[in-house]
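Quick note: numbers below take in every heavy atom, side chains included, and nothing from hydrogens, waters or symmetry partners.
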Amino acid sequence: AIDQVQSEVPELVLRLNSKHDDWTRRIDALKRISRFTTFNMSPSALAEACLPLLDPIALQLQDLRSQIVKQACITIGDLSECLGFQFHLYARRLFPRLLDLLRIAKKVMSSAGDECMRRIITHSHVDAIEIIIQESASNKSPIVRCRCVELIILALQTWNVIQLASYETSIGLLFS
């Protein structure tokens with residue numbers, strides 16, 4: 001399985017590295033990445049093998065076509081569920097772009113970004129919560145601030161106390 005992923009990644013990087021390639025082919029490439037999560041591989045091996053895809057996937061989040069953005073969010077969510085804690089390699093780079101989707105007027109895009117972030121918080125328990133805390137305190141958009149608070153509440157509901165301990169002061173200041 002790892003050999004198949006490693007052989008497909010260069011082609012997928014080329015396909016997704018441009019927003020000008022045919023959009024249906026880019027959606028197919030994103031779906032192929034999602035299929036990697038069904039392979040019988042360790043999360044660390046998959047995380048490492050897919051790392052070259054990080055920036056190309058992030059680029060798709062900036063596309064003007066809602067179908068591409070939605071599929072990119074689904075792919076990111078699938079990766080976060082499969083990789084678990086190994087998703088931390090991806091979270092710091094993707095979360096700011098996912099937060100940007102919340103400001104977009106197209107409901108399909110903003111909803112896809114919101115659902116993707118919820119999947120990440122629920123399944124990966126990664127340190128992207130630092131970004132969420134910063135955004136909830138400083139972002140000018142009330143929609144983004146509100147969603148950030150909702151994501152923090154979700155983390156409080158789903159994470160264990162040990163994982164949340166390092167963020168206790170920041171979260172306390174946010175809600176005081």
Side-chain angles (χ1 to χ4, degrees), residues 1-102 104 106-132 135 147 151 154-155 157-160 163:
I2 188 70
D3 294 336
Q4 183 180 351
V5 171
Q6 289 174 335
S7 69
E8 287 188 47
V9 164
E11 177 191 340
L12 295 170
V13 167
L14 286 173
R15 174 75 25 101
L16 296 173
N17 245 347
S18 170
K19 292 194 307 186
H20 304 294
D21 200 348
D22 179 59
W23 66 274
T24 58
R25 292 171 43 177
R26 288 186 284 144
I27 286 178
D28 289 340
L30 290 165
K31 287 179 180 178
R32 282 172 52 194
I33 297 167
S34 283
R35 277 194 294 275
F36 292 164
T37 64
T38 64
F39 293 176
N40 189 19
M41 294 176 57
S42 73
S44 58
L46 182 60
E48 188 176 328
C50 289
L51 204 52
L53 293 165
L54 177 59
D55 289 332
I57 291 171
L59 181 64
Q60 302 311 305
L61 292 174
Q62 298 172 326
D63 201 272
L64 298 177
R65 289 186 185 272
S66 59
Q67 290 174 304
I68 291 175
V69 172
K70 183 178 178 181
Q71 186 59 53
C73 289
I74 291 168
T75 300
I76 293 165
D78 290 346
L79 284 170
S80 77
E81 284 186 36
C82 180
L83 299 179
F85 292 111
Q86 296 295 321
F87 192 74
H88 74 277
L89 299 168
Y90 298 78
R92 285 208 167 269
R93 299 260 284 288
L94 293 173
F95 238 90
R97 296 206 178 150
L98 289 167
L99 285 167
D100 287 342
L101 292 176
L102 296 177
I104 295 176
K106 288 184 180 177
K107 184 88 168 133
V108 171
M109 291 179 169
S110 61
S111 295
D114 185 45
E115 177 61 26
C116 181
M117 288 184 288
R118 290 178 186 284
R119 287 177 72 187
I120 292 169
I121 294 295
T122 303
H123 299 286
S124 296
H125 301 199
V126 294
D127 59 357
I129 193 150
E130 290 176 25
I131 297 167
I132 298 168
E135 285 294 317
R147 288 291 184 273
L151 291 169
L154 180 62
Q157 293 169 341
T158 57
W159 293 16
N160 69 43
Q163 291 171 308

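Taking the salt bridge (Lys or Arg N to Asp or Glu O under 4.0 Å) definition, one finds that R32 meets it with E8, E11, sequence neighbours left out. Here D100 pairs with R103 under the salt bridge (Lys or Arg N to Asp or Glu O under 4.0 Å) rule; sequence neighbours left out.
Counting heavy atoms from C-beta on, the side chains of C50 and L53 come closer than 4.5 Å. In this structure the side chain of T75 never reaches within 4.5 angstrom of the side chain of F36, judged on heavy atoms. You'll find the side chain of M41 reaches within 4.5 Å of the side chain of V5, heavy atoms only. When side chains are defined from C-beta on, Y90 does not count as touching I57, because their heavy atoms never get closer than 4.5 Å. Taking the side chain as every heavy atom from C-beta outward, S124 and L83 never approach each other to under 4.5 Å. Contact of the L94 side chain with the F87 side chain is registered, since non-hydrogen atoms from C-beta on lie closer than 4.5 Å. Counting heavy atoms from C-beta outward, C73 and L98 have side chains that approach closer than 4.5 Å. Side-chain contact between F85 and H123: absent, with no pair of heavy atoms (C-beta onward) separated by less than 4.5 Å.
Each salt bridge (Lys or Arg N to Asp or Glu O under 4.0 Å) pair with one or both residues in residues 108-121, not counting sequence neighbours, appears once here: D78-R119, E81-R119, D114-R118, D114-R147, R118-E150.
In terms of modelled atom types and a separation under 3.5 Å, the side chain of K106 and the main chain of L64 share a donor-acceptor contact.
Screening R97, Q71, R26 against Q60 for a side chain to side chain donor-acceptor pair (under 3.5 Å) leaves a single residue, R26.
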